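Residue numbers run from 1 in the order of the sequence given. Computed from a prediction, not measured in an experiment: that's the story for all the values here.
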Amino acid sequence: MSQTVRPPGEPAVPATPPVRETVVVAGPSGAAGATSLRRNVLSMPEVLAQSVANAAPSAAMALLPLLVFLNAGNGTWVSFVAAVITMVCVGYCAAQFASRMNSAGGFYVWVSKGFGPAAGHAAGWGLLLGYIATGIATILGFAIFGGDFLTRLGLPGIDNKYVLAALMIIDTGLPIAVAVADMRFSARTSLTLESISILIILVLCVAIWIARGPVDTDQLTFKGVVPGGILVGVTLAIFAFVGFESAGALGMEAKNPQKNIGRAIIFSALLVGVFYVIVSYSQVLGFQGTKEGFAKSAAPLPDLAAIVGLNFLAPIIDIGIICSMFACTLACINAGARMMLTMSHDGMGLNALKRVHATRKTPHVAIWAVGLPMLLIPAAFVLAGRSAVDVTGWAGTVATFGFMLGYGLVAAAAPIYLYRLGESKPLVTLAGIIGAVSMVIVFYASWLPTTIPLIGQYFSPLASPYDKLPYVFFAWAAVGIIWFAFVRVSKPEVGKSVGSRYETQEAGADS
């Protein structure tokens, strides 16, 4: 397939039918990573693995169904169904861009096509926070479940902060090494580890169905369910999906990216969503009629293994969750590094972040720049005596704010983008409205749940420090806004070109 380069605004040279020509729509340097990253190496399963691993479904199912159950009760599975619909809507909007252009920046580039450079930078800046904060949470999660596994073996573990610190170093150093080594190896590693952990949890679900019977009339008839509880449950369930969009960062390295990137984003939302519904339903089913009950369980999955008589599964479940945490850390490093690479190519970051390893063809400087804060921040908290579980919750909440900004913007941008192309689609408009409005509701529920009485009645007051975490996000956003404004004033040509470097097929070009 031939390839040409043209600056913005210059008419495309029509290809002779039926040839479809790939064009770099950009300034003179072309799309970020177009000539430095390894091209056309990732298959559809490998691209899908990036999104699935970043969502970390096995890790999400370790505790999140319990948190949803505390609000939604027997309607827990419905909360997850609603969350699946919302995330599929966001993914469908993202796919509209992915099918027409590809880059290493994903949402950063896509949002700029709908709302302009400032919004594109905001989306990229928010996702960068999401990737780093999620990495912090998964590194802590690796240490928590790794420590629990060591404790089960009679070794110093979860109660020893130095053991936790050592485990955090492992879950930073190894993912960085894998990420630098090769993106294809990274994808395959993530796919293998996440598949193992998902399989272990599904085995437990089958065991629950055999022990209890697959039909739970309490859940199917919504016994004791309050509608407001399901709404709060949806808010929490959406947290389980964050990171599912990260396949968008692999546009330069994927095979047939215009087809595979969008499919990977949508399929990942569907696949992990179906998994969440099955596992959440099974967890509630498994605890029905037990003395302790779901609400009192500190480790639901291992506790369920004991309830159904599979005690040997408890340490295996720990291993599965550890694998999921490792895969998610790796996925966050890969996605965050490529976001940094793209932003730096646009002049919005340090030149050093544009460097790609001479032989490995991976953005090694950006990989280290993303990976080190993921280790240093949680290690400082844990060594200072703070609870690893508490810090995990804080990091996960801050990460969600960053993702929600990107999700809301891309959902709102897709209908506008298609309208400008003269290709408006009612289904995209509907999906955009659902996605954008859902993100506003989720953010509201995580920030000011008691401000508006008619809405606040459905949400519990936020406890400290969760009532302050939104302001961490606001501070991050303020830095991004100030930085963009400074660049826009000092280097207008750079500010105007943010998000303009991408590749597209001639038939789908829009500029």
Side-chain angles (χ1 to χ4, degrees), residues 5-10 23-36 94 97 100-132 248-249 251-252 335-356 363 365-366 369-370 401-414 416-417 419-421 473-504 509-511:
V5 179
R6 61 179 173 90
E10 182 178 314
V23 180
V24 177
V25 183
S29 61
T35 59
S36 55
F97 295 100
R100 292 168 171 81
M101 64 190 76
N102 59 283
S103 74
F107 280 38
Y108 166 76
V109 171
W110 300 342
V111 171
S112 71
K113 301 305 296 179
F115 290 133
H121 181 264
W125 191 247
L127 288 179
L128 187 58
L129 171 65
Y131 295 134
I132 293 174
M252 292 293 100
R338 282 153 181 79
M339 184 67 73
M340 278 191 175
L341 173 79
T342 304
M343 297 175 79
S344 297
H345 268 277
D346 279 353
M348 298 303 298
L350 299 175
N351 284 331
L353 296 174
K354 297 190 294 186
R355 295 177 187 170
V356 172
V365 177
V370 171
F401 295 147
F403 284 118
M404 285 191 297
L405 176 60
Y407 294 169
L409 284 172
V410 84
I416 293 173
Y417 172 66
Y419 175 78
R420 290 175 179 171
L421 291 180
F473 165 71
F474 290 147
W476 175 272
V479 171
I481 292 170
I482 293 170
W483 174 239
F484 180 81
F486 172 77
V487 172
R488 187 68 183 262
V489 171
S490 60
K491 301 177 181 178
E493 71 286 354
V494 173
K496 292 178 181 178
S497 68
V498 164
S500 66
R501 296 173 171 85
Y502 59 89
E503 291 183 354
T504 183
D510 62 287
S511 61

Check your understanding: What are the two closest non-hydrogen atoms of Met252 and Ala34, and how far apart are they?
Key -> SD-CA, 3.7 Å
Review point. Is Trp110 reaching over with its side chain to a backbone N or O of Val410, donor-acceptor style, under 3.5 angstrom?
Key: no
Check your understanding: What's the shortest heavy-atom distance between Asp346 and Tyr108, and which atoms?
Key -> OD2-OH, 2.7 Å
**Study point:** Exercise: identify the closest heavy-atom pair between Ala249 and Arg338
**Key:** O-CD, 3.5 Å
Check your understanding: Would one find more than 12 heavy atoms of other residues, nucleotides or ligands at under 6.0 Å from atom CZ of Arg488?
Key -> yes
Practice item. Output yes when a side-chain donor or acceptor of Ser112 lies under 3.5 Å from a complementary backbone atom of Gly120, and no otherwise. Key: no
Revision key, fill the gap. On a heavy-atom basis, the closest approach of Glu503 and Ala31 is CG-CB, 4.2 Å
Exercise for review: Please tell me if the side chains of Lys113 and Met101 come closer than 4.5 Å, counting only heavy atoms from C-beta onward.
Suggested key: yes
Review point. Which value, rounded to the nearest 0.5 Å, describes the distance between Met339 atom CE and Leu127 atom CG?
Key: 4.5 Å
Check your understanding: Hey, does His121 have a side-chain heavy atom less than 4.5 Å from the side chain of Met343?
Key -> yes
Practice item. Please step through side-chain contact (heavy atoms from CB on, under 4.5 Å) for the pair Ile132 and Val370, ending with a clear verdict. Key: CA-CA 6 Å; Ile132 293 174; Val370 171; 4.3 Å; yes
Check your understanding: Do you know the tightest heavy-atom contact between Ala32 and Ala104?
Key -> O-CB, 4.1 Å
Exercise for review: Check whether any side-chain N or O of Arg355 sits under 3.5 Å from a backbone N or O of Pro363 as a donor-acceptor pair, and report yes or no.
Suggested key: no
**Study point:** Minimal non-hydrogen separation, Leu409 against Ala122, with atom names
**Key:** CD1-CB, 4.3 Å
Check your understanding: Are Lys491 and Phe486 side-chain neighbours, meaning at least one heavy-atom pair lies under 4.5 Å?
Key -> no
Practice item. Taking the side chain as every heavy atom from C-beta outward, state whether Phe473 and Leu129 have any pair of such atoms under 4.5 Å apart. Key: yes
Check your understanding: Is the side chain of Trp125 donor-acceptor paired with the backbone N or O of Trp476 at a distance under 3.5 Å, no angle test?
Key -> yes
**Study point:** Ser103 (side chain) donor-acceptor with Tyr502 (main chain) under 3.5 angstrom
**Key:** no
Practice item. Look at the aromatic rings of Tyr131 and Phe403 and report parallel, tilted or perpendicular, splitting at 30° and 60°. Key: perpendicular
Exercise for review: Step through the shown structure and confirm whether more than 12 heavy atoms of other residues, nucleotides or ligands are within 6.0 Å of CZ on Phe474.
Suggested key: yes
Check your understanding: Do Val109 and Phe97 touch side chain to side chain, with heavy atoms closer than 4.5 Å?
Key -> no
